Number of protein chains: 2
Amino acid sequence: MTSARERVRSELTAEITAAARRQLADVGAAGLSLRAVAREVGMVSSAVYRYFPSRDDLLTRLIIDGYDDLGAAAEAADDPAEAPAGRWSAVCRAVRAWALEHPHEYALLYGSPVPGYRAPQDTVPAASRVGGVLGRILGDAARGGALPEAAGTRDPSLISDAAVEVLGGDHPSLDETVRVRALLAWSSLYGTISFELFGHFVGSVEDGDRYFDLAMDDLARLIGL
Amino acid sequence: MTSARERVRSELTAEITAAARRQLADVGAAGLSLRAVAREVGMVSSAVYRYFPSRDDLLTRLIIDGYDDLGAAAEAADDPAEAPAGRWSAVCRAVRAWALEHPHEYALLYGSPVPGYRAPQDTVPAASRVGGVLGRILGDAARGGALPEAAGTRDPSLISDAAVEVLGGDHPSLDETVRVRALLAWSSLYGTISFELFGHFVGSVEDGDRYFDLAMDDLARLIGL
DNA sequence: TCTCGAACGAGAGCACCGCTCTCGTCGAAG
DNA sequence: CTTCGACGAGAGCGGTGCTCTCGTTCGAGA
């Protein structure tokens with residue numbers, strides 16, 4: 001039921017986002033210009049507004065695509081047959097590799113929010129894919145008996161039920177203490193990558209690859225994997 | 001030996017940076033407009049270029065000031081008479097409090113780099129003040145015997161000599177393993193704050209204050225404090 | 001004390017930006 | 001076949017960073 005008009009519209013939309021993606025990789029989100037994107041696809045700037053109501057909506061599209069691309073990379077790097085600690089390291093390495101390959105996209109996703117704070121609702125499903133992978137590793141480790149028994153405390157006012165579900169759900173090995181550590185490890189992964197990418201490790205860390213592996217091993221131990 | 005002209009120049013420079021600081025707090029770094037700053041101080045835009053050669057130089061000034069302000073807050077929060085773990089928590093809390101009070105400045109410091117990657121040289125001394133405080137805590141803990149004996153490994157290609165010096169220098173309780181953990185804890189502090197400030201914890205962490213305290217306690221234990 | 005150059009503020013202007021509006025055109029649904 | 005909506009082009013508005021020029025004014029050296 002797709003008319004020719006709808007097809008050419010979706011093709012043009014894809015072409016615009018592709019051009020925007022290229023420009024994002026070149027000059028970063030701050031330098032992304034809707035007019036330049038229009039020039040690249042051979043349009044006049046006002047015509048682009050038929051497809052994206054504003055520059056920020058175009059950026060939101062790129063954010064969602066970026067989350068999806070990163071999430072796919074993380075999912076592809078996770079082999080459920082491996083041991084939990086190995087899975088954790090592999091996924092962390094994949095996230096870092098993606099960030100190093102797409103620094104401007106990474107900055108768009110995990111750096112300073114760009115506009116008047118983007119609408120989170122649309123980006124949530126794509127944004128939670130990496131967290132989902134990491135949570136699955138934790139849950140599998142718990143169900144596989146790789147985690148020590150926990151004290152079993154549960155404090156509903158600290159971590160949301162949705163996050164508890166993502167972090168492996170209910171299990172004797174999972175309590176608020178290890179869930180806090182899992183969230184901490186999750187954000188620390190991005191803290192490490194951001195520091196490397198944004199230059200805060202310049203002058204301190206000499207061998208980024210080895211430092212990252214050691215740091216992620218420490219985080220795995222922190223969680224108990 | 002300061003002529004009247006020099007004095008009025010430094011006063012005007014301060015007035016411009018103050019106006020820019022206010023605008024940064026209002027609309028963020030991306031929305032900071034040199035022309036608006038000029039309007040606020042009652043100048044025409046071209047006159048501001050007598051004091052700052054470009055908008056990015058003005059931003060660099062704000063970055064340095066921000067690092068200094070944050071560093072001062074961290075130093076003020078550190079009481080060397082306290083136990084290492086308590087000092088660590090206090091400094092972490094101070095950094096977070098500063099970030100929550102100055103979200104746009106924090107984003108400017110630790111979010112995506114703004115221009116064509118700022119000149120790091122000028123910002124380095126101010127930027128390393130918080131790291132200096134945390135490193136001092138680690139060194140004091142080692143010299144105070146609060147840390148377990150370490151294996152004593154030293155790998156010069158992993159962490160720079162300058163960073164080793166900041167992280168307490170040479171001591172039997174300090175080896176590459178705990179130094180990696182200290183750097184990890186350092187970046188994790190900012191990873192945690194950034195996730196909270198940039199909205200990545202929305203839907204997961206319900207009680208930000210308590211989560212932060214628990215997470216920082218975990219990091220202190222990771223280092224061995 | 002006078003002079004001359006440097007510092008300064010103001011203004012015009014350039015190229016670019018996001019975004020809006022209007023106006024022909026063309027395709028597809030009725 | 002008609003008609004209406006989607007579409008691209010173009011002009012234009014207000015804003016931006018930045019440059020250049022032009023009088024003015026201040027202050028250091030003669």
Side-chain angles (χ1 to χ4, degrees), chain A residues 1-24 26-63 104 108 113-119, chain B residues 1-17 19-20 22-24 26-63 104 108 113-119:
Chain A
M1 206 50 190
T2 61
S3 72
R5 195 160 224 169
E6 287 176 14
R7 206 176 54 222
V8 69
R9 179 180 178 83
S10 77
E11 275 176 15
L12 260 179
T13 306
E15 201 171 332
I16 291 173
T17 58
R21 203 181 198 80
R22 277 192 297 273
Q23 205 187 331
L24 172 62
D26 272 3
V27 297
L32 190 144
S33 146
L34 193 141
R35 290 176 109 111
V37 171
R39 275 193 298 270
E40 191 171 330
V41 296
M43 270 182 179
V44 88
S45 73
S46 61
V48 179
Y49 285 85
R50 303 280 185 194
Y51 300 86
F52 292 93
S54 80
R55 176 184 176 274
D56 286 352
D57 288 85
L58 182 54
L59 271 182
T60 302
R61 176 76 258 163
L62 295 183
I63 289 175
H104 284 127
L108 178 61
V114 179
Y117 290 82
R118 59 197 129 115
Chain B
M1 208 47 192
T2 61
S3 71
R5 194 161 225 168
E6 286 175 14
R7 206 176 54 222
V8 68
R9 179 179 178 83
S10 77
E11 274 177 15
L12 260 179
T13 305
E15 200 171 333
I16 291 172
T17 59
R22 277 192 296 272
Q23 205 186 334
L24 171 63
D26 271 5
V27 296
L32 188 145
S33 148
L34 193 141
R35 290 176 107 110
V37 170
R39 277 193 297 270
E40 189 169 332
V41 297
M43 270 183 179
V44 90
S45 73
S46 60
V48 179
Y49 285 85
R50 303 281 183 194
Y51 300 86
F52 292 94
S54 79
R55 175 184 176 275
D56 285 354
D57 288 85
L58 182 53
L59 271 182
T60 302
R61 177 75 259 164
L62 295 184
I63 289 174
H104 285 126
L108 178 62
V114 179
Y117 288 83
R118 60 197 127 115

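For clarity, every value in this text was computed on a predicted model and none was experimentally measured. Chain A is the first sequence line, chain B the second, and so forth, proteins listed ahead of strands; every chain is numbered from 1.
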Map Ser45(B) and Val48(A) onto DNA chain D by nearest heavy atom, then report which one ends up closer to the 5' terminus.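 Going by which nucleotide is closer to the 5' end, it is Val48(A).
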
Interatomic distance, Arg9(B) CZ vs dA7(C) P [rounded to whole Å]: 9 Å

Separation of atom CD in Glu15(B) from atom C1' in dC8(C), rounded to whole Å: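 Interatomic distance, CD of Glu15(B) to C1' of dC8(C): 15 Å.
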
What is the first contacted nucleotide of DNA chain D and what is the last, in 5' to 3' order, if contact means an atom lying under 4.0 angstrom from a heavy atom of chain A?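 Under 4.0 Å from chain A, the extent on DNA chain D is dG5(D) to dG12(D).
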
For a quick check of understanding: with a heavy-atom distance under 4.0 Å over all strands, which category does [X] fall into, base, sugar-phosphate or nothing?
| X | answer |
| --- | --- |
| Ser46(B) | base |
| Phe52(B) | nothing |
| Leu58(B) | nothing |

Asp57(B) vs Arg61(B) side-chain heavy atoms within contact, under 4.5 Å: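 Not touching, per the 4.5 Å side-chain cut-off.
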
Any Leu32(B) side-chain heavy atom under 4.5 Å of Leu62(B) side chain: yes

Here's a test of your reading of the structure: between Arg50(A) and Ala36(A), which maps to the more 5' nucleotide of DNA chain C? Ala36(A)

Whether Arg55(A) contacts dG18(C) is assessed here as follows: a side-chain N or O lying under 4.0 Å from the phosphate OP1 or OP2. Is that the case? yes

Could you pull out every donor-acceptor pair under 3.5 Å between side chains of residues 33-43 of chain A and any protein atom, sequence neighbours left out?
| unit_1 | atom_1 | unit_2 | atom_2 | d |
| --- | --- | --- | --- | --- |
| Ser33(A) | OG | Arg35(A) | N | 3.2 |
| Ser33(A) | OG | Ala36(A) | N | 3.0 |
| Glu40(A) | OE2 | Arg22(A) | NE | 2.7 |
| Glu40(A) | OE2 | Arg22(A) | NH2 | 2.9 |

